Amino acid sequence: MNSVQVRKTFLDFFESKNHHIVPSAPMIVKNDPTLMFTNAGMNQFKDIFLGNVPAVAPRVADTQKCLRVSGKHNDLEEVGHDTYHHTMFEMLGNWSFGDYFKKEAIAWSWELLTGIYKINPEKLYVTVFGGDKNDGTSIDEEAYEYWKEIVPESHILFGSKKDNFWEMGETGPCGPCSEIHVDIRDEAEQKIIPGRELVNQSHPLVIEIWNLVFIEFNRLSDGSLVPLPAKHVDTGMGFERLSMVLQGKKSNYDTDIFQPLIQEIARIAGKPYGLDEKTDIAMRVVADHLRAIAFAIADGQLPSNNKAGYVIRRILRRAVRYGYTFLSFNEPFINLLVPLLVEQMQGTFSELKTQQDLVIRVIREEEQAFLRTLSLGIQKFNHYITSNPGAKIIDGEFAFELFDTYGFPIDLTDLMAKENDWNVDMDGFKKGLEQQKARSRQAAAVDTADWVVLKEESETKFVGYDFLEAEAEIVKYRKIKTKGKEFYQIVLNQTPFYAESGGQLGDSGTLRSANETVIVEDTKKENNLVIHITSTLPSNLTSSFIASVDAEKRRLTANNHSATHLLHYALRQIVGTHVEQKGSLVDANHLRFDFSHFAKLTPEEIASVEKLVNQKIRANILLTEFREFPIKKAVEMGAMALFGEKYGDKVRVVRYGESVELCGGTHVPATGQIGMIKIVSEGAIAAGVRRIEAITADKAEEFINNQLSMIEQLNDLFKNTKDVVRSARQLIEENSDLHKKIEELNHEKIKNLITELASKINPINGINFIAYKSDLDSNSIKDLAYGLKNQVENLFFVSGSSVDDKANLSLMISENLVTGKNLNASVIIRELAKNIQGGGGGQPFYATAGGKNPKGLDMTFEKAKNILEQIKEAE
Ligand code: SER
């Protein structure tokens, strides 16, 4: 069965069991401070489990793009070395939200694996949660009973909390799970050691393929478990592993998911796969990481220096590094594999096809940049080895610097050390690493208390599209401590506060009751929960409040947000329809819009875009808004959807004439309110991604007035000339003419000086010594020194000058003296510079030095003379 059929069979099966099939959520998580990437199929349903939103359907199934590289589920270091770990993988899953529970989940998993996929039941083992004393949980009897009905007891094992209790994080919904493991070893081996003895023993051929989680508890921050009112099912089956089993392979990398990529890597590397363990690992690393990076970029996450972007950059660098070290790729190569990946995956994940050009460009640029860093690091490494001869040990601190600054993993440093017969001080390196980890742990430590629930309310009603004030009651609150600061998060039953999302920053304002006012500093979203951030709690938490939004800030923010839509529209009109939004930031002061485009915008393009937006502003187009609008119809209307954004079946559409976008933000009632837009900058932020920054309304007016006032000041300076630009140009021309004249005069002066000095030679044992003190600048002195060198044989010319209380020295020695008398200007000048309290250097025939004591110049000349006299004595 090929992998496309494997995926389809799963979805068809659960559709036949009345499951609603949903698309994969983006791999990049937005609006969840606890998670950067989707790391399990259940992430997109977290809000349902938490009771923040109602379920889309009671039964759901899908295939989900997951990435496990950071946080609780982190497989990065294993990837490539074994045959079954991945960074990016697909998780097939079926869910019940308060609908069916253990009985059906167990029966259907067995039916699908053995009845439809036809896996021999004798090769399958199941595990059941055995209870945990500390948590006060007991054996999962219920699951055990259901399994016993279909699986012989010899194939049922009990597992500990570590293997059989699934939690998505430190706190939150969780529960016991039953895993299904498969033994794909050869028959002969199975006879020697029974499979059940190898379950959960990290054997590469006795592996877990499906995890059935029965969510029935909520873990609180003090570690205790409380039962959930509704019980849910969350299952996850590794698609790549399942394909391996069904295709009779012994490695995920041998399936039709990875082999085409690996064969292509082998082809361009000119090395076959399967011959050498090291190159095989490198090929697996590259094939795996390519998928992670490509899907992340297609989902809108560009590599960068922080957070999710940094994780993607690290994955990419790991792949480049393996390619560089083991496959001898020192030119970008990962981007060349993208078209093949797209061809393979576009049937299920069309975003990869649409974003292909961008993905290729971004990867290529990252590869180039990192290869440059690698080669700098290698130079640094070589320099270290040559300048510490005999040490034979790479200092731990230096190894850490290579790791931290040049992205060298320690095994690369170790490998390079071994190639030179050196070792690495591993303990020192580990110490550096530990210290760094401790620093970031401290910076990131967040202490989150449990919610204190005051009212049972399942959803916050957002009324902020229509009102800036609303009556509200507190549903729950909690205290957060981070970096020595303390604040509160408050959830209301209804709110006019817009929570930061879609690039628009959150509202601020107040919560007022009869006798007090609490400031809401910011509003954020955690999944779909609207959280009001305050530094104090109201003294009476159960009173009724007026939640009131800072109207001025909201108005300015709306100006910028609506202007962003018009800008997006204008860019597509003027620059082309390939322009797609790649990110945005909208606040009360300005707007920032990132979009895909491959060249710098010309000044004419910028002017046309700005002009078109301003026309639309002046046209005072009324807002048409559709709430709870079917997504299909919205797309038919031409609404712009963003990649990497998760949309439900019902969306909000914001339209100003021809500008139609899916958007949850707050906007102006009519475009005239924006006043005007002024683009203040345009530049690149990544390969193929550009950024425009702009201002609107009062800020734009202020900006233009400042420019005008600058022109006025210039006018004043030019005594109210008619044409200030012409006058400025004239001034610049005059200035450059004067410069030229000065240079000519200087030149003439130096020529005369050369003749004059050449006649004042003081011969010391055949060496033509000239000492000269002046206040000439360094360029003139250089001209003088070179001029004398051409005119005077056996020259030893020392010049001293003092400018602004600083002393400068220059020394010119004829080449024949450098070689014949072993005189080195660079060495001598260092000696001379001691008298002026300074230092310097240069070449053997010409060197310069600077110092802070001009009074020492005369002494310097004496010393120079002495040096020449000593040569005489030595001879
Ligand atoms: N959440 C569980 C897992 O990730 C099952 O889907 O394994």
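Atoms within each ligand, like the ligands themselves, are counted from 1 in listed order. Everything quoted here is computed from the prediction, not taken from an experiment.
The T235 neighbourhood of ligand 1 comprises atoms 5 (C), 6 (O), with distances under 4.0 Å to a heavy atom of that residue. Numbered from 1 in the order shown, with element, the atoms of ligand 1 that lie under 4.0 Å from a heavy atom of A40 read 4 (O). The atoms of ligand 1 that sit less than 4.0 Å from any heavy atom of R68 are 4 (O). With ligand atoms numbered from 1 in the order given, ligand 1 contributes 2 (C), 5 (C) to contacts under 4.0 Å with heavy atoms of V213. Near G236, with a cut-off below 4.0 Å to any heavy atom, the atoms of ligand 1 are 5 (C), 6 (O). Atoms of ligand 1 lying under 4.0 Å from any heavy atom of M42, numbered from 1 in the order shown and given with element: 1 (N).
Ring centers of F97 and F45: under 6.0 Å apart, within the cut-off. Checked against the 6.0 Å centroid criterion, the rings of Y84 and H203 do not qualify as a close aromatic pair.
A cation-pi arrangement is present between R284 and Y253 under the rule of less than 6.0 angstrom and at most 45 degrees off the ring axis.
Not a single heavy atom of E179 lies less than 4.0 angstrom from ligand 1. Ligand 1 lies within reach of M91, whose nearest heavy atom is under 4.0 Å from it.
Heavy atoms of D234 found under 4.0 angstrom from ligand 1 belong to the backbone as well as the side chain. Residue E208 does not touch ligand 1, judged by heavy-atom distances below 4.0 Å. Under 4.0 angstrom from ligand 1, there are no non-hydrogen atoms of N39.
By the 4.0 Å N-to-carboxylate-O rule, E500 lies too far from K525 to be salt-bridged with it. With respect to the salt-bridge test (charged N to carboxylate O, under 4.0 angstrom), the residues E111 and K17 qualify.
Between H232 and F49, the two ring planes are perpendicular [angle over 60°; tilted spans 30° to 60°].
Of the residues F13, F10, Y100, the one that meets the ring pair (Phe, Tyr, Trp, His ring centres under 6.0 Å) test with W108 is Y100.
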Should E90 and Q64 be marked as a side-chain contact (heavy atoms from CB on, under 4.5 Å) after you check the CA-CA gap, both sets of side-chain angles, and the distance that decides it?
CA-CA 5 Å; E90 280 178 65; Q64 171 67 50; over 6 Å; no
